Amino acid sequence: MDVSYLLDGLNERQRAAVSAGEQDMLVLAGAGSGKTRVLVHRIAWLIQVMNYSPFSVLAVTFTNKAAAEMRGRVEKLLGRDVQRMWIGTFHGLAHRLLRAHYQDAGLPQNFQILDSDDQLRLLKRTIKALNLDEKQWPAKQAGWYINGKKDDGLRPQHIETWDPAEKTFLQIYQAYQEACDRSGLVDFAELLLRAHELLRDNKHVREHYQKRFRHILVDEFQDTNQIQYAWVRLLAGADNHVAIVGDDDQSIYGWRGAQVENLQHFLRDFPRADTIRLEQNYRSTSTILKAANQVIANNSDRLGKDLWTEGTEGEPITLYSAFNEQEEARYIVAQIKQWQDQGGALSDVALLYRNNAQSRVLEESLLYASLPYRIYGGLRFFDRQEVKDAVAYLRLVSNRQDDAAFERVVNTPSRGIGERTLSLVRELARNEQTTMWNAARKMVNESMLSGRARNAVASFLDLIAQLEVECADQPLSKQTDRVLKGSGLLAMYQAEQSDKAETRVENLQELVSATESFMPSGEEDMTPLAEFLAHAALEAGDEQADAYQDAVQLMTLHSAKGLEFPLVFMTGMEEGTFPSQMSSGEPGRLEEERRLCYVGMTRAMEKLVMSYAESRRLYGQENFHRPSRFIAEIPSELITEVRVQTRIEQPAARRSRFHTSASHEAFSETGFQLGQRVLHQSFGEGTVLNYEGTGPQSRIQVNFDDAGSKWLVVAYAKLTPLR
DNA sequence: CGACCGGCAGTTTTT
DNA sequence: CTGCCGGTCG
């Protein structure tokens, strides 16, 4: 068979990685170096050239999107369907293992997945049930504690502590886990931990999979946490081959448990592994790469990598200094319009920021300019309230012991089961170590409730039982339709009088169509409903957005990872914003911010624009910041600086109380403009931010680089204009 | 049981 | 300055 097409168009290093023999491998893949391509071609190579069955290859990624892309490209390359091949996310594959071996994993067959929102709700109830003060022991922190422990592979019984605060969190962990186990609920971290324990504690299961997966490929390895890497090692056993692909310079998820050190650990644990560096970049201009290389060079303990390109030098990086965030936004919009006038597509433009709050001002300016935009990272389909309600009904119908689902819908729509009744049910459930359903059943049967409450609870239990009968052996979409109508959920939202309710009804209808078009795989003996529920939990779905529209792309620097755009704006390049205030202090966290900067810069293909504002309003407070240190790390010859050139018109003025058209005139007489750089005898250099008054009393606000922001009387200040 | 008010927190995100 | 959550009132 002619397999040369698997190597065509690849560079030498890429070929080496794709056509490597039976061995372990670390592929250090720089940004834009064709990482996915190498992974996909390697899989195809293993199958076509080395004659492995598709079923003896396992490829794991972090996001569904990456997994779907990989699967699609492998199929295209092989020219055949690989639906049943094990390509998926860590969570997806762990789930698959647990379904197939639920008994060995100690789970009920119909176990359900708890998403973060469900988890938080359950934690709140657990904390309440333990009679702990919710202010002192926030559910969020408890969740953080529990997930962290699970990521480290630790069960409550493994944890010993003398710290009284931790003791309480440990107690919550214990109680929460018991609640999950009673209800057959598995949270995201639990999926990974259980799957790991399943392999670790069951020799036959472990050996079966070790025998099966001769080649394991891990994408974005720098993002793995402890349990994920442990899971990979367990599967690899002594005989199988592991290829990991990653980039220590793009490790930006340390704060959620990712361990870059796993890269070093891999080299230690797989000492015969070859390291292949992919440094040729196919994305950006050499200017952008040089700048990014220089920035990241300030980090220590790198595995080391220098990106280069055969491409053109391109334009210099533009650095824009605005006097505030509104003006920054206006500049960006003007630049986008110019891009558009020159024939550029809006969807080729990305606006990146460090935190979501920054998007607002940008949005307002885009709106004002009538430029369509799309924000990444909104609520996704299965995260929506009404959809979660409906899914909870489906879950409860398929497993009555599911307390999370029970709690969610027991009084939605309201059917007279109030907090008072529910707390009685919870108390009994707790005392009897059983589920809400069982407790409620018992209370109804044994007349432990007052008449009205008893009737209400009884009719709810009957409703679920009846829905179960009606749904039996029905197609998925029929079941969904039945549940929506039978539960009164649809009617509830239809009756609601708001535009929000309208979208909610639409989303419920959309859910029915989603079940219609859902294609169950029939894997692991799951019913279509069970598969759909898992799908809803593991793949929250795309955000609903008109993706086809030509729109400017707005997103955080984090969500930009893996994407590329011809024109990229990195906004808010200020100390305190980026790097974030929260990450200052610890050198390690600062280096992660720098990697984030590196990720942002390397998203740009043709043109990179960085901007910062002298003053930025955050939480209603005006703050002054110096330009980000990352800017100073870029060689100045790669940068063209732009400052406010024209006087600012209305929208800028509106924000200042002092700012009248009269003072505007008077001010312009002084010869200073907003954003203008000035020199003061004792305060040094600064930027003009604001001004007030007319004539001899007129004052001017200057943000000095070293001395901070000050109001000065123009007549006395002796300011020298710079530039 | 729902509507309103007040307090308070407030990076980054996927599964 | 916002948005969310929890508490209280009608």
Side-chain angles (χ1 to χ4, degrees), chain A residues 60-67 88-95 113-121 124 128 133-135 138-141 144 147 150-151 186-193 195 220 223-225 227-228 251-258 325 352-361 376-380 382-383 385 411-422 452 456 492 496 534-541 543 555-562 572 576-584 589 592-593 595-597 599-600 616-623 655:
Chain A
V60 60
T61 66
F62 276 84
T63 65
N64 292 301
K65 197 173 151 197
T89 64
F90 277 102
H91 292 85
L93 297 180
H95 174 248
I113 300 163
L114 216 54
D115 69 24
S116 343
D117 185 59
D118 299 331
Q119 182 186 40
L120 202 66
R121 285 158 173 269
K124 276 186 185 161
K128 262 189 200 157
D133 180 13
E134 295 162 88
K135 286 261 161 11
K140 245 187 176 176
Q141 271 186 46
W144 179 77
N147 295 336
K150 288 188 178 184
D151 286 347
V186 174
D187 62 46
F188 287 133
E190 183 77 17
L191 281 172
L192 302 176
L193 179 53
E220 303 276 19
D223 289 338
T224 52
N225 63 29
I227 198 77
Q228 285 161 339
S251 160
I252 57 174
Y253 287 112
W255 51 274
R256 66 174 197 209
E325 75 276 16
L352 310 184
Y353 34 82
R354 180 62 178 82
N355 63 37
N356 290 301
Q358 288 171 254
S359 74
R360 205 161 125 178
V361 185
Y376 276 62
L379 255 199
R380 289 167 313 169
F382 287 106
D383 289 334
Q385 177 191 302
N411 203 33
T412 308
S414 57
R415 41 175 75 88
I417 304 175
E419 212 26 59
R420 186 148 160 64
T421 310
L422 277 179
R452 213 163 51 151
M492 180 184 91
E496 214 173 280
H535 166 80
L538 287 175
E539 302 179 39
E543 319 149 45
M555 68 195 81
T556 63
L557 285 154
H558 280 90
S559 23
K561 195 174 145 205
T577 300
F578 187 36
S580 160
Q581 187 66 53
M582 315 290 283
S583 301
S584 69
R589 307 197 56 180
E592 183 156 307
E593 297 275 323
R595 292 193 289 270
L596 189 55
C597 184
V599 166
R616 182 176 297 276
R617 190 167 277 270
L618 184 67
Y619 307 142
Q621 271 247 306
E622 200 169 17
N623 299 291
R655 258 206 41 239

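Order of the sequence lines sets the chain letters (A, B, ...), proteins ahead of strands, with each chain counted from 1. This is a predicted model, so every value here is computed, not measured.
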**Q.** C:dC5 to B:dT12 separation - P atoms, rounded to the nearest Å
**A.** 16 Å

Show me the donor-acceptor pairs, under 3.5 Å and distance only, between side chains in residues 413-420 of chain A and residues at least two apart or in other chains.
unit_1	atom_1	unit_2	atom_2	d
A:Arg415	NH1	A:Tyr393	OH	3.3
A:Arg415	NH1	A:Val409	O	2.9
A:Arg415	NH1	A:Val410	O	2.9
A:Arg415	NH2	A:Tyr393	OH	2.9
A:Arg415	NH2	A:Ser487	O	3.2
A:Glu419	OE2	A:Arg426	NH1	3.1

Q: Please name all residues satisfying ring pair (Phe, Tyr, Trp, His ring centres under 6.0 Å) with A:Tyr353, sequence neighbours left out, ordered by chain then number.
A: none

**Q.** Pairing residues for A:Phe62 by the ring pair (Phe, Tyr, Trp, His ring centres under 6.0 Å) criterion, not counting sequence neighbours
**A.** A:Phe90

Q: Name all residues meeting the side chain to side chain donor-acceptor pair (under 3.5 Å) criterion together with A:Glu593; count only those two or more places apart in sequence or in a different chain, and write none if there are none.
A: A:Arg354, A:Ser583

Q.
Using heavy-atom distances to pick each residue's nearest nucleotide on DNA chain B, tell me which of A:Asn64 and A:Ser583 is more 5'.
A. A:Ser583

(Q) If you assign each of A:Ile252 and A:Gly416 to its closest nucleotide in DNA chain B, which residue comes earlier from the 5' end? (A) A:Gly416

Is [X] touching bases, backbone alone, or none of the nucleic acid, heavy atoms closer than 4.0 Å?
X: A:Ser559; value: sugar-phosphate
X: A:Glu593; value: base
X: A:Ile417; value: sugar-phosphate
X: A:Asn411; value: sugar-phosphate
X: A:Asp187; value: nothing
X: A:Phe62; value: sugar-phosphate
X: A:Tyr253; value: sugar-phosphate
X: A:Thr63; value: sugar-phosphate

Partner set under side-chain contact (heavy atoms from CB on, under 4.5 Å) for [X], not counting sequence neighbours:
X: A:Arg360; result: A:Glu364
X: A:Lys561; result: A:Glu220, A:Gln222, A:Asp223, A:Gln250, A:Ile252, A:Tyr253, A:Val599
X: A:Ala537; result: A:Ile113

**Q.** Carboxylate-amine/guanidinium proximity below 4.0 Å for A:Glu190 and A:Lys150
**A.** yes

Q | Presence of salt bridge, A:Glu592 and A:Arg589, under 4.0 angstrom | A | no

Q.
At a heavy-atom distance below 4.0 Å, which nucleotide of DNA chain B is the first touched by chain A, and which is the last?
A. B:dC1 to B:dT15

Q: Heavy atoms under 4.0 Å is the rule here; annotate nucleotides 2-10 of chain C 5' to 3' with B where the base is hit, S where only the sugar-phosphate is, and - elsewhere.
A: S---S----

